[in-house]
Amino acid sequence: KHDIPDLEELEKGPWPSFVADAKREALHRKKLPKDRMMIDQDVVDDLLGQLQLSFDDGETHWKHGGIVGVFGYGGGVIGRYSDVPEKYPSVAHFHTLRVNQPASKFYKTDFLRALCDLWEFRGSGMFNMHGSTGDIILLGTTTEQLEPLFYDLTHELDQDLGGSGSNLRTPSCCIGKARCEFACIDTQDLCYELTTHYQDELHRPAFPYKFKIKIDGCPNGCVASLARSDMALIGTWRDDIRIDQEAVQAYIRGEIQPNGGAHSGRDWGKFDIQKEVIDLCPTGCMVMEDGKLVINNQECNRCMHCINTMPRALRPGIDTGVSILFGAKAPILEGAQLAVLTVPFMKAEAPYDNIKELLEKVWDWWIEEGKNRERLGELIQRKGLPRFLEVIGVPAAPQMVKMPRTNPYIFWKEEDVPGGWKRDIKDYRLRHKR
Amino acid sequence: KHDIPDLEELEKGPWPSFVADAKREALHRKKLPKDRMMIDQDVVDDLLGQLQLSFDDGETHWKHGGIVGVFGYGGGVIGRYSDVPEKYPSVAHFHTLRVNQPASKFYKTDFLRALCDLWEFRGSGMFNMHGSTGDIILLGTTTEQLEPLFYDLTHELDQDLGGSGSNLRTPSCCIGKARCEFACIDTQDLCYELTTHYQDELHRPAFPYKFKIKIDGCPNGCVASLARSDMALIGTWRDDIRIDQEAVQAYIRGEIQPNGGAHSGRDWGKFDIQKEVIDLCPTGCMVMEDGKLVINNQECNRCMHCINTMPRALRPGIDTGVSILFGAKAPILEGAQLAVLTVPFMKAEAPYDNIKELLEKVWDWWIEEGKNRERLGELIQRKGLPRFLEVIGVPAAPQMVKMPRTNPYIFWKEEDVPGGWKRDIKDYRLRHKR
Amino acid sequence: KPTENRITDIGPRHFWEFFPPVIQKNYGKWLYHDILEPGIMVHVSETGDKVFTVRCGGSRFMTAENIREICDIADKYCDGYVRFTTRNNIEFMVTSYEKVEALKKDLLSRKYISGSYKFPIGGTGAGVTNIVHTQGYIHCHTPATDASSMVKAIMDELMDYFTGMTLPAHVRISVACCLNMCGAVHCSDIALLGIHRKPPIVDDNIDSICEIPLAITACPVGAISPGKTEDGRKTVKIKEERCMFCGNCYTMCPALPIADKLGDGVAVLAGGKISNRISEPKFSKVIVPWLPNNFPRFPEVVATVKKIIEVYAAEARKYERIGDWAERIGWEKFFEKCELPFTEHLIDDYRLAYDTYRTSTQFKF
Amino acid sequence: KPTENRITDIGPRHFWEFFPPVIQKNYGKWLYHDILEPGIMVHVSETGDKVFTVRCGGSRFMTAENIREICDIADKYCDGYVRFTTRNNIEFMVTSYEKVEALKKDLLSRKYISGSYKFPIGGTGAGVTNIVHTQGYIHCHTPATDASSMVKAIMDELMDYFTGMTLPAHVRISVACCLNMCGAVHCSDIALLGIHRKPPIVDDNIDSICEIPLAITACPVGAISPGKTEDGRKTVKIKEERCMFCGNCYTMCPALPIADKLGDGVAVLAGGKISNRISEPKFSKVIVPWLPNNFPRFPEVVATVKKIIEVYAAEARKYERIGDWAERIGWEKFFEKCELPFTEHLIDDYRLAYDTYRTSTQFKF
Ligand code: SRM
Ligand code: SRM
Ligand code: SRM
Ligand code: SRM
Ligand code: SF4
Ligand code: SF4
Ligand code: SF4
Ligand code: SF4
Ligand code: SF4
Ligand code: SF4
Ligand code: SF4
Ligand code: SF4
């Protein structure tokens, strides 16, 4: 419909072209009977058109959102309007919906097809698979379609929306036990349980700002919880790494590819357990003794390197649980933060009451003390980790810091100090003349 | 004179006892003819007495100083009064003088003896050899003695006071070329030159706060400039480490003790060049090749480890100069700071005009922008290193940082941006409807 | 009446119903995996079962038609199951190696008429996998650049790294179109970040468009203060020299637009990571403060990314992530080797800046 | 009339006149050194000259009588030259080994009647050298502890480390009696620091004693605000729960005394260093937040210092400073091995605190 030279340039090249895909959908919509579409037929064309205009102008053409949503929910919909609606009328309203993805994003095709049909019917037929938080993003529809969409989603697809706004956001997790030998915890189960248990927090904003939960099955961090979630739950273990000495030998002999073959695209030479594993262990806690690999588990910090490199020989321990870290976030406002290790170890077994109890204490404090638009991580920074530990009732441990404080500015409490803080200047002056 | 049980306890034990020493002086003063002492005879007794009282009370008995000094000087004297003068009358006034030590603290005994005589005559006869900044500290005299003391010092000993207050403090330096094979620069000469060149700054407070200069001959940092001075000048080199391969072999053969014998109190086993030098080199830039030690000097960060370990085989290069770091300080107020590398390399040759020019630019900025009692390091923190570099005209270099910034909050300037900053909302609204 | 008979708070579908039988049966029982070739893995269970996974790149912007095509493939080879990874790749799983071959052939044969692959296979092991990215001009109101187009431009150039495993370690690239950083840009091996460089313009009608006090408090550096227009209405003043172009004021108040064709562009960050493997997770560092928004293919951005990866590929050690490599050789050498200029913009001057300053004489010339 | 004929601004004496001839002659020509035994070094010049140095510990608080004794020794053996080190040791230099023996014997024979050495020999190489310290109750108005007595108490216990070179590397101990830290306490292997724990008392007469606005701005955490006394005079109020006991208000205003017998005590810091050798210079860390001021011998402080050194001696590698050792094994292991309790006081909550928090799962149980 529109002249989109720059976009057509993006149809070239080997990587899947979103423009080519969009054009196909545009064509498909042209062929669809009108009664199979509740919003404009050429919504895809107009989106591409506006995108080209944005390239030309070097500026986006979307306006601020405004409050749209579905009844009783405070999130799940992002309002969006074009600032050039006269040129691209079918994207004049172009709201997105966030649909809560299933934990770790396995699908049956019947579900996906039903979703496609529904979204082509009541929306643009365009998706993000998936949004950065993890949701299925339905890209673009009008305000009128929001309620019907929600109705169809819940009634027909048995499927709810995800989060947006100042509330719990859609939790997400790595593939974990479903297909990963490293998973120390049941990531999907924990993710599902927290999601459903906290539906109210997810749908009805009651927080100072957004709150994200992500769950990694092990310290490899495949869902990036440490960087992207206010609460990061990361599987770990506190007993010993399991060793199959026979397999260690097989690696040494070159019978098994190191690191599951992850480096096989290049000739790195013969596998050298000393150089590639023992010397790279960050704690230096491994040695070969009498042809056996010995790990001093007391000194291991569970970085996963040796296990990643020799998955057939080494496995995480069996006394597993989670390390819990709080406060990761993007830069706005105080600068980006990585999550802070707060609970070095906690068991993680259904129904996860211990985790929920902790989380609720954290929320209580944040709701009480957090300023508007202050992420948990910023609150922790502002008040200090010691204060955070105090309110959530976790005792201080050296594990929580890279190093102890370097400044001597300790905020003592009155009860720490014998004799209390009340002193009389007159007593003092008896000893010390002015 | 006084009952001092705790102090007497401190006469025991092998380490030199300051109490025993003080008692000797007290005795000596008792024997001195009165006309050989311008202040109280039992000043030492009273000092010990007050010290015992402080132990008993767990609190100091010195009052705030008040402004005392010598005419025309804004520093060099620290005023001090007892808050229990009725008990310890001879330390009722107990001001200290800071006497500018000679660079690197070599002395002839005639000078020291003359100083002792003078100080016993006009003061307490007690010293700190030396104060933390480097001065000879004359501990305790009365206000009346200050001017005569200064007169005698300058006229008879040809010797000036050091700094105190918001001015340049007494510069100090390591022993350097006087007795150290590692010295890359003439620490004493540079120290003396800066001290005498900036006498006005040293004696007449014109700064927002104190300013310290310390000069280390090499990165070993024997005068701790990196931690303790607003301007740290540290000798270094930019060519290659000099190697005597024959001596390397002698170390390997065990003919020379490693590290000048610094570890000889314990049996650490035979010297192992691989383990003790090559593997500990922080940049990993050394190897043994065909029995020769090879250093990739491009990669060396001049940490001194290999040179310290094998001083007879390795020597710093010959194209020497200084690295200049600014802003070290103790915790008050913003927390302690180590000095920030600002000029990676500068030649350091008499009369050091390049260094003086830089220093004066730094002072100009600090005097202009620094708040009252704001150390240079705090100003750099407050304004940012980029701003500091800009005002002193030093181009940014990656050497100055441990890592580039992690946040994207770049303070662009208008001239950085094509089209400038002035924009018209009307133009914008032509493209973007509200 | 859509608000009648409301069903709410039912959450997502339960994951178990979407697991293929082999996954259900072997849940928690996996013993090890092997990457058979780029993009193709086998996981072996203690039951003896195996699952073969074929991973395909995709642009995460995706239409119904595209998803239907994925479903067709999944129906044909995978009993109707498919999954998406945390980096927006598509994973097809089968239980025998024979099926892998057919599936692979099928996938690679599917191309758009313009020639691009629909389902390139790769993204595993020591290579470049899919780029995590954000909305850009496709849907957002605050971008300083576009995301989908930049990703396409970069991945076209890095295709060999996607379909190969020739790098020293994982290289994770992310794109975010503004400082809100909706991708995990702050901890990526390489990150591309849209940034503004002009202070916001103040709309004449700000008093009717938004809450002025909110706009004022939105600014983290206090650059916004109350003001009056010539005709006496309430407005705000911007201390332009204080502004750090974060865009937070615009997020809070539409009357403070900040986007600008000449001002906006792309910062390049490098050396971040998330995994705890060997070294601790760490932030990416800004290594190029600004490159132009040269739509649609961002040649300057693409060239910079490629250069870094090539130097890294040539110089780093096995298992060494970009950040670990840069730290080992020193950032001064990183800039030298990657032929990147170092400017004052790259020196931190925000809140925790002091900890990034060098406080030693340990540097390389 | 002392202000007549004034001589000012003449600076210190020139160093050259105080150099012994062998130093003058070989200035800048030294080739290498050897520590012959603890406290005794030889430096060899390219001219073939040698200088032997005998280093003696001393309390830097020193009387005229003491200095005269030093001069006597210097006159007898060293042609009237002597020097002091940057850590307040005394160095006697001679040009032949024979003189060393006599000098050594003489030095060690000199003792106070109470039995302590006047001139213990040592302080070189991998041992403990003299403690850098500050004024304490001997001269200062702000101390939270005493320095000279603590130094004596510690050195008495560490004598063997002073006269031996049995440690893995240098151990540098410093004492500062208040947070002003007049010693380089912030970068010491072990540092003892006097700290207050009670907020300042406000003197009734503050308005006549100091400038109230100065006192208010002195507080880095804004805990001080203006107030009125009952009889309507100006005074200040202290928000006690905000106070971090830095004492800066007292430095600025004598009407805010902060010292207190029960509140004051000693914090122990460890793991700092200054040299650039192997690792970068670094700050000491607070490892014991408070120990009592148990005058005159501070048994708790001495025991803590000793314990750390003993564990360090047993566990660290050659050339490894205390801080490098702690970092290698991890601070959690440091606390375990040194049997020190870890409390919330040791977790930073000041301005750059975030950078000290652990942001990974890499820790040891
Ligand atoms: C859709 C999505 C990007 C995408 O293309 O995938 C997105 C889009 C927006 N994000 Fe985001 N964020 C999205 C994931 C993230 C993430 C990643 C994550 O969750 O793992 C982050 C970084 C992690 C974090 O939360 O810190 C993220 C950090 C932000 C921020 C900065 C928050 C901060 O504390 O620094 C903002 C600004 C704000 O909240 O005002 C923001 C704001 C926005 C807004 C609502 C724009 C705004 O200024 O109000 C964007 C709406 C775009 C649109 O028109 O659709 N978005 N946002 C992601 C959500 C999809 C989903 O539900 O799956
Ligand atoms: C005498 C001396 C301690 C000693 O026993 O050796 C000393 C003594 C005092 N120092 Fe100091 N400082 C002394 C070296 C230092 C050093 C070490 C150095 O210079 O290398 C430091 C740390 C480095 C630095 O400057 O940051 C130091 C950091 C302070 C501070 C904190 C400054 C800061 O920015 O954090 C103060 C507080 C102040 O200035 O108000 C201070 C203040 C003081 C005052 C003036 C007390 C006060 O609150 O006003 C002390 C007077 C004590 C007295 O009654 O004699 N003194 N002061 C040292 C000077 C002797 C000399 O001239 O040789
Ligand atoms: C499928 C996926 C999880 C999911 O729930 O979707 C996944 C799956 C696996 N990851 Fe991952 N990782 C996945 C995202 C991640 C992420 C997240 C990210 O990039 O945003 C990380 C953190 C990246 C970082 O550190 O910046 C991640 C860091 C790892 C690591 C650590 C690698 C390292 O060198 O630091 C391993 C270990 C390894 O590769 O040996 C790992 C290992 C694995 C293994 C081998 C686990 C297993 O035994 O099955 C899986 C196949 C690896 C492969 O692709 O070569 N996975 N993995 C994600 C695939 C993304 C993609 O489409 O490419
Ligand atoms: C005499 C003195 C300089 C002066 O101008 O007075 C000096 C003299 C020497 N230092 Fe030093 N250092 C002196 C204070 C320092 C300081 C400052 C301090 O402690 O406050 C440091 C920094 C300490 C720190 O890092 O915390 C210092 C760190 C070094 C180092 C690095 C040691 C390390 O392991 O990090 C060396 C190299 C070595 O020992 O091999 C060194 C080496 C040397 C050598 C071997 C240099 C030489 O070739 O002559 C000298 C004899 C060493 C010895 O005592 O074993 N000197 N040296 C100082 C003696 C102090 C004392 O009485 O004990
Ligand atoms: S985080 Fe660990 S458990 Fe989860 S998928 Fe990655 S490697 Fe497997
Ligand atoms: S998990 Fe990491 S720290 Fe533990 S033994 Fe393996 S490599 Fe070492
Ligand atoms: S700093 Fe260097 S030059 Fe100066 S005395 Fe120490 S080792 Fe020698
Ligand atoms: S000076 Fe340090 S960095 Fe340079 S070669 Fe020697 S040990 Fe390595
Ligand atoms: S990064 Fe910025 S522009 Fe991009 S989607 Fe997020 S909020 Fe919008
Ligand atoms: S862009 Fe950021 S720094 Fe600039 S005025 Fe707006 S909020 Fe303030
Ligand atoms: S550390 Fe404090 S108490 Fe000790 S001398 Fe310095 S200012 Fe005085
Ligand atoms: S001691 Fe420090 S923190 Fe406490 S009131 Fe005084 S200045 Fe403020």
Side-chain angles (χ1 to χ4, degrees), chain A residues 219 221 226 234 236 238 282-284 297-303 323 325 328 337-341 344-345 377 380-381 383-387 389-390 395-414 416-421 423-426 428-429 432 434, chain D residues 179 181 186 193 195 197-199 201-205 209 240-246 254 257 260-263 267 269 271-272 283-287 289-290 326-335 342-350 353-365:
Chain A
L226 235 154
I234 303 181
T236 192
R238 57 180 171 186
T283 62
N297 282 279
Q298 236 89 59
E299 297 299 318
C300 166
N301 66 20
R302 301 168 314 290
C303 83
S323 291
L325 300 89
Q337 290 183 226
L338 281 157
V340 173
L341 180 69
F345 187 86
I380 296 173
Q381 262 212 55
K383 295 280 177 179
L385 181 55
R387 176 76 188 135
L389 295 176
E390 188 183 344
Q399 282 77 7
M400 298 165 183
V401 292
K402 293 190 187 120
M403 55 180 156
R405 70 186 316 138
T406 60
N407 63 69
Y409 293 153
I410 302 172
F411 291 90
W412 294 96
K413 300 219 180 76
E414 182 154 17
D416 293 331
V417 189
W421 281 350
R423 295 184 288 159
D424 194 341
I425 184 71
K426 290 192 192 68
Y428 186 85
R429 288 293 174 223
H432 306 278
R434 207 176 273 139
Chain D
L179 273 66
M181 281 198 189
H186 57 300
L193 177 66
I195 60 163
R197 295 188 304 165
K198 299 195 182 186
I201 329 177
V202 183
D203 192 295
D204 322 323
N205 292 317
I209 299 175
E240 301 194 327
E241 68 290 355
R242 277 221 198 157
C243 177
M244 58 185 193
F245 318 98
C246 69
D260 182 89
K261 181 173 193 157
L262 295 173
L269 293 84
F283 291 121
S284 318
K285 284 88 191 167
V286 184
I287 54 158
W290 189 84
E327 284 171 16
R328 176 171 59 79
I329 64 171
W331 284 100
E332 56 270 48
K333 291 288 166 184
F334 174 89
F335 283 91
F342 187 90
T343 68
E344 71 278 14
H345 307 104
L346 305 180
I347 300 180
D348 197 358
D349 46 7
Y350 201 53
Y354 171 71
D355 286 344
T356 70
Y357 298 163
R358 174 154 276 146
T359 52
S360 78
T361 60
Q362 289 194 0
F363 64 87
K364 298 176 182 180
F365 281 107

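All of these numbers come straight from a predicted model, not from anything done at the bench. Naming: A, B, ... by sequence-line order, numbering from 1 per chain. The basis for the numbers below is simple: all heavy atoms, side chains too, and nothing from hydrogens, waters or symmetry mates.
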Query raised in the report: Are more than 12 heavy atoms from other residues, nucleotides or ligands located less than 6.0 Å from atom CD of Gln298(A)?
Result: no
Check whether [X] gets within reach of chain A through its side chain, its backbone, both or neither, counting any heavy atom under 4.5 Å.
{"X": "Ile195(D)", "result": "side chain"}
{"X": "Lys198(D)", "result": "both"}
{"X": "Thr361(D)", "result": "both"}
{"X": "Phe365(D)", "result": "both"}
{"X": "Thr356(D)", "result": "both"}

**Report entry** Phe363(D) six-ring centre to Arg302(A) NZ/CZ under 6.0 Å and within 45° of normal
**Finding:**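 Checked: cation-pi criterion met.
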Query - Stepwise side-chain contact (heavy atoms from CB on, under 4.5 Å) check, Cys246(D) with Tyr409(A) - result: CA-CA 7 Å; Cys246(D) 69; Tyr409(A) 293 153; 3.7 Å; yes
Contact winner vs chain D - [options], heavy-atom pairs under 4.5 Å:
{"options": "Gly384(A), Pro344(A), Pro395(A)", "result": "Pro344(A)"}
{"options": "Pro219(A), Gly419(A), Ala339(A)", "result": "Ala339(A)"}
{"options": "Ala397(A), Gly284(A), Cys300(A)", "result": "Ala397(A)"}

Requested in this report: Return yes if a side-chain donor-acceptor contact under 3.5 Å exists between Asp416(A) and His345(D), otherwise no.
Outcome: yes
Of the backbone (N, CA, C, O) and the side chain (C-beta and beyond), which part of [X] lies under 4.5 Å from a heavy atom of chain D, both, or neither?
{"X": "Gln381(A)", "answer": "side chain"}
{"X": "Glu390(A)", "answer": "neither"}
{"X": "Arg387(A)", "answer": "neither"}
{"X": "Ile410(A)", "answer": "both"}
{"X": "Ile234(A)", "answer": "side chain"}

Requested in this report: Step by step, work out the side-chain contact (heavy atoms from CB on, under 4.5 Å) result for Tyr357(D) and Ile347(D).
Outcome: CA-CA 8 Å; Tyr357(D) 298 163; Ile347(D) 300 180; 3.7 Å; yes
Exam field: side chain [X] to backbone [Y], donor-acceptor pair closer than 3.5 Å:
{"X": "Tyr354(D)", "Y": "Leu338(A)", "result": "yes"}
{"X": "Tyr428(A)", "Y": "Ile201(D)", "result": "no"}
{"X": "Trp421(A)", "Y": "Arg197(D)", "result": "yes"}

Query raised in the report: Less than 4.5 Å apart, any side-chain heavy atom of Arg358(D) and any of Glu332(D)?
Result: yes
Looking at [options], which makes the most heavy-atom pairs under 4.5 Å with chain A?
{"options": "Asp204(D), Asp260(D), Asp355(D), Ile329(D)", "value": "Asp260(D)"}
{"options": "Arg328(D), Glu344(D), Lys364(D)", "value": "Lys364(D)"}
{"options": "Cys243(D), Pro257(D), Pro254(D)", "value": "Pro257(D)"}
{"options": "Ala326(D), Ser284(D), Ala353(D)", "value": "Ser284(D)"}

Query - Salt bridge present between Asp203(D) and Arg434(A) (N-O < 4.0 angstrom) - result: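 Salt bridge present between Asp203(D) and Arg434(A).
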Query raised in the report: Can we say Asp349(D) and Arg405(A) salt-bridge, meaning some charged N sits less than 4.0 Å from an Asp/Glu carboxylate O?
Result: yes
